[in-house]
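To start, the structure under review is shown below, and the notes come after it.
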There are 2 protein chains.
Amino acid sequence: MSSDTRWLDAHEQEIWRALRELLWGFESAMDRQLIRDSELSGVEYSVLAALSEADDGILRARDLARQLGWERSRLSHLLKRMETKGLVARAECPTDLRGFNIMMTTAGRDAIVKAAPGHVSFVRENVFDPLTEEEREALHSAAMKIQASIREAGLWVNPGVQKG
Amino acid sequence: MSSDTRWLDAHEQEIWRALRELLWGFESAMDRQLIRDSELSGVEYSVLAALSEADDGILRARDLARQLGWERSRLSHLLKRMETKGLVARAECPTDLRGFNIMMTTAGRDAIVKAAPGHVSFVRENVFDPLTEEEREALHSAAMKIQASIREAGLWVNPGVQKG
DNA sequence: GAGGCATGATTGACGCGTCAACAAAAACGA
DNA sequence: TCGTTTTTGTTGACGCGTCAATCATGCCTC
């Protein structure tokens, strides 16, 4: 089982290295830009973006977690921090005593409105602009294929949440 | 400054979504495989891999950090944890009283020898096998271009360590 | 060789994520 | 209806990374 390992050749190692560096550094770079130009971290931005897509800026914690593909506990921890910052507020859910409705506060909306243009520019300037049309499409299909493969191997996050 | 933002169209959003999911999920999937099939986390694997490329399995903490592109404090925290697990050992550096030599222990070598085949298989099966040759090359150049762009924007990790 | 700056490494506080345990409420089934 | 199971959400412990502060040592220059 280990003697027939197909190791990477030099060229494959180069590709792998470039990809690994990107996978490892991209997210933190995005966070850095966000924190520098607004008062929001990447995850906070995600939460507020999801909320602002909802009708009233209100979503049940359950649905928020599902939409983001996160564990409930992760969301819970983050919401606690965001609540103390005044970005979101909790309210009991009238139809289900277990549930909580999460709503964006005015400060939360202000923050994401302020952060959005810079965030989009970051993506545009660093992901789309530097690539050719072919590279964009290849990147797209490659990303989907890799994800599908990992999912098939049962190693993707939240294996249960793969409904389209 | 915000009114001329070039927002993403529907197709671009699809690409961005796929890429973001990959960037967000790949690393944790790799970690999951590693932890499942060995006793090593992803970062521990990186440290041991770097050490095993050195002559005697010994590297100064400074060089280890440089090679991995990490902050010293990050390495320090991790080494403390790895030392308690018996994966590495510290020894004072004879030529520089400030420095420390980090060496792999027998347990450390055993662990990475055990982990390596599964790790390589993960990469091979989920990154290389699912892609066409064209996609591989496009992925390679796209990753490099995106990284270069972020670096130019001054947002890449460790802006100082960009000597190639 | 004494002052001053650079380098190497550690520490502590804090944000963040995972995991396992938990409590309360809902849904289900006989 | 009563008991079991599922769902929802929180909490605490712990691993992990960043940042700022700290400290000792090396280096460099006058």
Side-chain angles (χ1 to χ4, degrees), chain A residues 24-32 34-36 39-47 59-85 87-88 90-102 155-161, chain B residues 24-32 34-36 39-47 59-85 87-88 90-102 155-161:
Chain A
W24 164 71
F26 188 93
E27 188 130 32
S28 59
M30 214 170 65
D31 255 49
R32 209 164 293 127
L34 224 33
I35 290 170
R36 190 193 59 186
E39 266 77 43
L40 254 33
S41 72
V43 284
E44 289 169 343
Y45 185 94
S46 306
V47 166
L59 229 43
R60 268 193 71 171
R62 172 192 52 168
D63 302 322
L64 192 47
R66 261 207 274 268
Q67 190 171 324
L68 294 166
W70 290 1
E71 296 192 10
R72 277 193 297 276
S73 78
R74 178 182 182 183
L75 182 60
S76 180
H77 283 304
L78 179 58
L79 288 178
K80 197 191 338 178
R81 293 187 293 260
M82 292 179 72
E83 206 177 8
T84 65
K85 291 190 197 174
L87 296 170
V88 298
R90 277 185 179 83
E92 285 170 12
C93 175
T95 67
D96 185 338
L97 290 185
R98 296 168 302 180
F100 278 94
N101 281 326
I102 311 300
L155 287 165
W156 195 256
V157 266
N158 285 15
V161 191
Chain B
W24 163 72
F26 188 94
E27 189 130 30
S28 59
M30 214 168 66
D31 255 50
R32 211 164 293 128
L34 223 34
I35 289 170
R36 191 192 59 185
E39 267 75 46
L40 256 33
S41 72
V43 283
E44 289 170 343
Y45 186 95
S46 306
V47 166
L59 229 45
R60 269 193 69 171
R62 173 194 49 169
D63 302 322
L64 193 47
R66 262 207 274 267
Q67 189 170 324
L68 293 166
W70 290 1
E71 296 191 11
R72 276 194 296 276
S73 79
R74 177 182 181 183
L75 182 59
S76 181
H77 284 303
L78 179 59
L79 287 178
K80 197 193 334 179
R81 293 186 293 260
M82 292 179 72
E83 206 177 8
T84 65
K85 291 190 197 175
L87 295 170
V88 298
R90 277 185 179 84
E92 285 171 10
C93 175
T95 67
D96 187 338
L97 290 186
R98 294 168 303 180
F100 276 94
N101 281 325
I102 311 299
L155 287 165
W156 195 255
V157 264
N158 285 14
V161 191

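Distances shorter than 4.0 Å separate none of the side-chain N or O atoms of B/Arg81 from OP1 or OP2 on D/dG15.
Here the nucleotide nearest the side chain of B/Ser41, chosen from D/dC16, C/dA25, D/dT10, is D/dC16. With C/dG17, D/dC19, C/dG8 as the choices, the nucleotide that has an atom nearest any side-chain atom of B/Arg60 turns out to be C/dG8.
Between the side chain of A/Arg98 and the base of D/dT8, no donor-acceptor pair under 3.5 Å is found. For A/His77 against D/dG12, a side-chain-to-base donor-acceptor contact under 3.5 Å is present.
Across all strands shown, A/Arg72 has heavy atoms under 4.0 Å from base atoms, whether or not it also approaches the sugar-phosphate.
Along DNA chain D, the nucleotide nearest to A/Phe100 and the one nearest to A/Ser28 differ in position, and the one closer to the 5' end is contacted by A/Phe100.
Pairing each heavy atom of B/Glu27 with each of A/Trp24, the nearest pair is OE1-CA, 3.9 Å.
Axis angle between the ends of the helix from C/dG1-D/dC30 to C/dA30-D/dT1, five pairs each and rounded to 10 degrees, works out to 10°.
With sequence neighbours excluded, the residues that form a ring pair (Phe, Tyr, Trp, His ring centres under 6.0 Å) with A/Tyr45 are A/His119.
Between A/Lys85 and A/Glu44 a salt bridge is recorded (basic side-chain N to carboxylate O distance below 4.0 Å). Ion pairing between A/Arg60 and A/Asp96 holds under the 4.0 Å rule for side-chain N and carboxylate O.
Put simply, the side chain of B/Arg90 never gets that close to the backbone of B/Ile102: no donor and acceptor are under 3.5 Å apart.
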